[in-house]
Number of protein chains: 2
Amino acid sequence: MARLPVYLQILADQAAAGVANISSEGLAELAGVNAAKVRKDLSYLGSYGTRGVGYEVDYLVYQIRRELGLDHDWPVVIVGAGNLGQALAGYGGFTDRGFPVAGIVDIDHDKVDTLVGGARVRPLDELPQIVAAKNVSIGVIATPPAAAQDAADRLVKAGVTSILNFAPVVLSVPVGITIRKVDLAVELQILSYHEQRRASAQGGQLHAVPNEPGRGVTA
Amino acid sequence: MARLPVYLQILADQAAAGVANISSEGLAELAGVNAAKVRKDLSYLGSYGTRGVGYEVDYLVYQIRRELGLDHDWPVVIVGAGNLGQALAGYGGFTDRGFPVAGIVDIDHDKVDTLVGGARVRPLDELPQIVAAKNVSIGVIATPPAAAQDAADRLVKAGVTSILNFAPVVLSVPVGITIRKVDLAVELQILSYHEQRRASAQGGQLHAVPNEPGRGVTA
DNA sequence: CGAACAATGTGCACAGATTCACAAGCTGAC
DNA sequence: GTCAGCTTGTGAATCTGTGCACATTGTTCG
Ligand SMILES: NC(=O)c1ccc[n+]([C@@H]2O[C@H](COP(=O)([O-])OP(=O)(O)OC[C@H]3O[C@@H](n4cnc5c(N)ncnc54)[C@H](O)[C@@H]3O)[C@@H](O)[C@H]2O)c1
Ligand SMILES: NC(=O)c1ccc[n+]([C@@H]2O[C@H](COP(=O)([O-])OP(=O)(O)OC[C@H]3O[C@@H](n4cnc5c(N)ncnc54)[C@H](O)[C@@H]3O)[C@@H](O)[C@H]2O)c1
């Protein structure tokens, strides 16, 4: 399930805050979902909650980590050292969460050998060596859209089996390769869609939002 | 539906490439989804496809734009001018797609008045003025996790009704506010989950991927 | 020890999304 | 003008995911 990472993050927070046990209801509240859903999800792990008490936070963290394959690091290679690639490479949050940056490559010779976030940008040609040396299986594409397919092909050829794509294009990859796309413009368009409906819902006055009668989350 | 933006992007590409008509099957192929799904989605727009021919690309683009509320610009305000905030502000792709950056604010006085991507960083206090002056209804949160809830509260108070959140925390907002979260670590964890399953699927040898026997997309 | 209590795990019903299959409709060629 | 060939639009079957409700089980306190 795609909700496990969310639980994991919340549980890690709670553990850090010294919480030892949590009920499905408590976790559901924090995650903004239904309590029954939480129990179903956790029971899928063959999980061990204690009736009358709840779940032991530490053990749950361990279980989810194990299920997600986070019991060891997954080095990541970034293709494209532009605006976004640099922000990603310079961001410490990935290493903390088990995704160290094994390398970042760029086709532009002016960018090669510059430093971003502690890593030196390497030429695109060295991608296979980086992948092989660090046993990388996850690649991140942060190139312009026109170059994204080429980047994907190179990653696959180098041996990467999972790709996270930030370029707003649909990539074509061999079967067996897992690919996920993060398109920020799409996210904004979904928001504008909601704004649109909000505006055209009778009355049409903007910014007239019923405030504070209960805090909820609109998924 | 959350697929409309994807169709829109593909159709815009096709239009730019000079394609005048497209069949549901063609579009489905490009979007990596089922053809019947495409037809259902488009028929929801009360759309006009021509039997025997397909859909007129330009008109479809117009229809989807209209449905998504993209017939006019939606100015966006960014809270937090760090790594990510700067990358977002400096990225031209948003303006091109109808989401100009109305302003970017930061709590750090050292960052205020610096230039990022053509915009000058403004102090956090000026958020209400920016929102009011440009009639902003979409806010983007690019602050550290600990400050994200505060940023959300300020955005809501200033009159923003939709929020895109990059901080890895679950935000609590009044009902009526639309919120979407983009958590890159979650995306990576989902990839590692697939890697995990790949590795533990009998055999366990990494990087042994059946190459090129048909190019598909693993959603 | 036993009873009240608390919270899990799951059967079941329901709602929404997905896919299939096919009738209806348009186009173009002969 | 008619017919063959495509392609849409949609009814129906199916699948997936969600949420309720409750029996079950462990805990705590008298
Ligand atoms: N910057 C953002 O905030 C943002 C937001 C949403 C989407 N995106 C998308 O992310 C991608 C990168 O954006 P950006 O702002 O960093 O662009 P950018 O132009 O700043 O950086 C692109 C980098 O990729 C390099 N490059 C070009 N072709 C390459 C190739 N074949 N192999 C390797 N490297 C290559 C370029 O030299 C450049 O350094 C784009 O597709 C963009 O649409 C960016
Ligand atoms: N950089 C990335 O690639 C990346 C990737 C994934 C997630 N994120 C998330 O995005 C967020 C920002 O990341 P970053 O790398 O840009 O961090 P950063 O530390 O570089 O920047 C954060 C900025 O927010 C400002 N800030 C702090 N408190 C504020 C407040 N209350 N109001 C307004 N501004 C405030 C800080 O002054 C700073 O300039 C973080 O939550 C991070 O987890 C970043």
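Side chains are part of it too, since the values below use all heavy atoms of this structure and drop only hydrogens, waters and symmetry mates. A note on names: the letters A, B, ... follow the listed sequences, proteins ahead of strands, and every chain is numbered from 1.
With sequence neighbours excluded, the residues satisfying side-chain contact (heavy atoms from CB on, under 4.5 Å) with A/Tyr62 are A/Tyr59, A/Arg66. Applying the ring-ring contact (aromatic ring centres under 6.0 Å, His included) test to A/Tyr193 and every residue at least two apart in sequence or in another chain returns nothing. Remark: A/Asp58 engages no residue in a salt bridge (charged side-chain N to carboxylate O under 4.0 Å, His left out) (not counting sequence neighbours). Here B/Asp73 pairs with nothing under the salt bridge (charged side-chain N to carboxylate O under 4.0 Å, His left out) rule; sequence neighbours left out. Residues passing the side-chain contact (heavy atoms from CB on, under 4.5 Å) test with B/Arg65, sequence neighbours excluded: B/Leu8, B/Val61, B/Leu70. Partners of A/Arg3 by salt bridge (charged side-chain N to carboxylate O under 4.0 Å, His left out), not counting sequence neighbours, listed by chain and number: A/Asp41.
Applying the side-chain hydrogen bond (donor to acceptor under 3.5 Å, both in side chains) test to residues at least two apart or on different chains, none of the pairs has a partner in residues 92-103 of chain B. Pairs of residues two or more places apart, or lying in two chains, that qualify as side-chain hydrogen bond (donor to acceptor under 3.5 Å, both in side chains) and include a residue from residues 24-40 of chain B are B/Ser24-B/Arg39.
First and last contacts of DNA chain C with chain B, using any nucleotide atom under 4.0 Å from a protein heavy atom and ordered 5' to 3', fall at C/dT18 to C/dT27.
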inquiry  = Generate the contact string for nucleotides 4-11 of chain D. Rules: B means base contact, S means sugar-phosphate contact only, - means no protein heavy atom under 4.0 Å.
reply    = --BBBBBB
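Side-chain contact between B/Leu30 and A/Val170 is absent, with no heavy atoms from C-beta onward closer than 4.5 Å.
Between the CG atom in B/Leu60 and the CG atom in B/Asn21 there is a gap of 10.0 Å [rounded to 0.5 Å]. Between the CZ atom in B/Arg180 and the CG atom in A/Leu184 there is a gap of 11.5 Å [rounded to 0.5 Å].
Within residues 6-14 of chain B, no residue is approached by DNA chain D to less than 4.0 Å at the level of any non-hydrogen atom.
A salt bridge is defined here as a Lys NZ or Arg NE, NH1 or NH2 lying under 4.0 Å from an Asp or Glu carboxylate O, and A/Glu67 with B/Arg197 meets this definition.
One axis for each end of the helix from C/dC1-D/dG30 to C/dC30-D/dG1, each built from five base pairs, and the angle between them comes to 10° at 10° resolution.
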